[in-house]
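Notes follow once the structure below has been shown.
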Amino acid sequence: MTRVFSGVKPTGHLTLGNYLGAIRRWAAVDQHQADALFCIVDLHALTVDHDPARVRRLSRQAATLLLASGLDPEVCTVFVQSHVDEHTRLSYLLECVATDGEMRRMIQYKEKARREGERGGSVRLSLLTYPALMAADILAYGTDEVPVGDDQTQHVELTRDLAVRFNQRYGHTFAVPRATHPKVAARVMNLQDPTAKMGKSDDAGPGIICLLDEPDVVRKKVMRAVTDSGRDVVYDPEGRPGVANLLEILAACTGGNPEGLSGVYESYGALKKDIAEAVTEVLRPVQERHKELCADPAYVEGVLREGAERAREMARPRVDAAYRAIGLLPPE
Ligand code: TYM
């Protein structure tokens, strides 16, 4: 059976981008068609300035939202990264296989390091080595497919390179995974700046729709979305990125396709009204279920505890094999 692994980082409130680009597909398709693991990758949240209490709170919230989105612990494994030591054990070995140059070429590292520099802050070393930990997340489970949004493609490519290199040098140990993306909304853009990704790190911004935003907040954000100077509704991601983004969101929420939908609207106002409606409808069941689950934190904790046990059992043999293959003396 195909093994699927994917994760979400608790650095902010989950957004519509996370949902349409990744989580929705995990629930609708991946968990039913594969042996799937979904992880709240909390160690990754420590690579940038963080508040410990907030990371804890966001980790719990992310777990609750994954379940509210339809991940079913009876058919898939949901767990927290820091509960399974195999991730950090393997990450170190992969740092011994990766090169400094390939880490520094990662677009996300370059962007975040630049932003940090502009703020006068310092860059944590773990931000540079982040892709080795992400590769460990994936490779520890013999993963075949990694369902992610567009922005993670480069990290998954690097993971492939590390798997192939490890296997060539030390003997076959890891499956070589591939990224899969949704057909539409693989990169949802910020409603106020359609050249930037809708990212959860700036989740207070008016261009970011959060999964827990109330309907009137969603409506306001959508109605204020930046469009382009033209008046007609056309799908042209290069020339008219604002409108193209809106059409992608609508298509993802209604099951249509962005080009087809562009012919339906004569004004931006009508388009936005339908988007606000469609997004609210998509979020409604998630928010309702989230509310129910919040009333039962012991259930969520139990899911995470059992998930971590299962994940540990799945990861340990492969990570142990990697330790032996690379030349470390097994403990007797
Ligand atoms: P993260 O937490 O930034 O995002 C979680 C998932 O949501 C997708 N995504 C988007 N998709 C479409 N449009 C957007 N605006 C948008 N923003 C986010 C991401 O592509 C991702 O699929 N490095 C990863 C977390 C990670 C991971 C892993 C993922 C760590 N280890 C192993 C897969 C496998 C990250 O920062 O995702």
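Whatever order the structure lists them in is the order used to number ligands and atoms, beginning at 1.
Among the atoms of M189, none of the N or O lies under 3.5 angstrom from an N or O of ligand 1. Geometrically, ligand 1 and Q108 share no nitrogen or oxygen pair separated by less than 3.5 Å. Residue contacts with ligand 1: H155 is placed with no nitrogen or oxygen under 3.5 Å of a nitrogen or oxygen of the ligand (distance criterion only). The distance criterion of under 3.5 Å between nitrogen or oxygen atoms is met by K9 with respect to ligand 1. At least one N/O-N/O distance between D137 and ligand 1 falls below 3.5 Å.
Listed by number with element, the atoms of ligand 1 under 4.0 angstrom from any heavy atom of V8 are 2 (O), 5 (C). Counting atoms of ligand 1 from 1 in the listed order, those under 4.0 Å from a heavy atom of V146 are 33 (C), 34 (C). Remark: ligand 1 atoms within the under-4.0 Å shell around heavy atoms of I138 are 32 (C), 34 (C). Near K200, the atoms of ligand 1 lying under 4.0 angstrom from a non-hydrogen atom of the residue are 1 (P), 2 (O), 3 (O). Interface atoms of ligand 1 facing H44, defined by a heavy-atom separation under 4.0 Å, are 30 (C), 31 (N). Residue V41 has at least one heavy-atom neighbour below 4.0 Å for each of these atoms of ligand 1: 25 (C), 26 (C), 30 (C), 31 (N). Near S6, meaning under 4.0 Å from any of its heavy atoms, are these atoms of ligand 1: 33 (C), 34 (C). With ligand atoms numbered from 1 in the order given, ligand 1 contributes 11 (N), 12 (C) to contacts under 4.0 Å with heavy atoms of G21.
Scanning the protein for heavy atoms near atom 23 (N) of ligand 1, the closest one is Y130 OH, 2.7 Å. From the protein, the heavy atom lying nearest to atom 28 (C) of ligand 1 is M134 CG, 3.5 Å. For atom 37 (O) of ligand 1, the closest non-hydrogen atom on the protein side is Q152 NE2, 3.8 Å. At the shortest separation from atom 13 (N) of ligand 1 among protein heavy atoms lies V188 N, 2.8 Å.
Taking each of A179, G17, A135, A22 in turn, the one with a heavy atom nearest to atom 14 (C) of ligand 1 proves to be G17. One option in P177, G149, P10 has a heavy atom closer to atom 21 (C) of ligand 1 than any other, and that option is G149. Comparing V148, T153, D151 by heavy-atom distance to atom 20 (O) of ligand 1, the nearest is D151. Counting only non-hydrogen atoms, the option in T47, T11, N18 that gets closest to atom 9 (N) of ligand 1 is N18.
Ion pair R289/E292 flagged as a salt bridge, since at least one NZ, NE, NH1 or NH2 atom sits closer than 4.0 Å to an Asp/Glu carboxylate oxygen. The pair D232-R240 meets the salt-bridge criterion, since a charged nitrogen lies less than 4.0 angstrom from a carboxylate oxygen. For R165 and E102, the salt-bridge test passes: some basic side-chain N is under 4.0 Å from an acidic carboxylate O. Contact check on E111 versus R114 returns no salt bridge, with no Lys/Arg side-chain nitrogen under 4.0 Å from an Asp/Glu carboxylate oxygen. The residues R104 and D100 are annotated as salt-bridged, a charged nitrogen and a carboxylate oxygen being separated by less than 4.0 angstrom.
Ligand 1 lies nowhere less than 4.0 angstrom from a heavy atom belonging to G199. Residue contacts with ligand 1 leave out P182, since none of its heavy atoms falls under 4.0 Å from the ligand.
A distance-only check finds a donor-acceptor pair linking the side chain of W26 to the backbone of P147 [under 3.5 Å].
Between the side chains of Y141 and E86, not a single donor N or O lies within less than 3.5 Å of an accepting N or O. A donor-acceptor pair shorter than 3.5 Å cannot be found between the side chains of T2 and D144. For Q287 and H290, the side-chain atoms include no donor-acceptor pair closer than 3.5 Å. With 3.5 Å as the limit, one finds no donor-acceptor pair spanning the side chains of D213 and H13.
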Report task. Just do the ring pair (Phe, Tyr, Trp, His ring centres under 6.0 Å) check on H87 and F79 with the steps written out, would you? Result -> CA-CA 12 Å; H87 295 242; F79 72 105; 5.8 Å; yes

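In this structure, R89 satisfies the cation-pi test against Y323, with its NZ or CZ atom closer than 6.0 Å to the six-membered ring centre and inside 45 degrees of the ring normal.
A side-chain contact (heavy atoms from CB on, under 4.5 Å) with L127 is found for exactly one of T129, V123, L125, namely V123.
Contact detail for Q154 and R105: the closest heavy-atom pair is NE2-O, 3.3 Å.
Within 6.0 Å of atom CD in E266, 12 or fewer heavy atoms from other residues, nucleotides or ligands are found, so the atom counts as exposed in its surroundings.
Using a 4.0 Å cut-off between heavy atoms, R187 contacts ligand 1 through its backbone alone, with no side-chain atom that close. Neither the backbone nor the side chain of C39 comes within 4.0 Å of ligand 1, counting heavy atoms alone.
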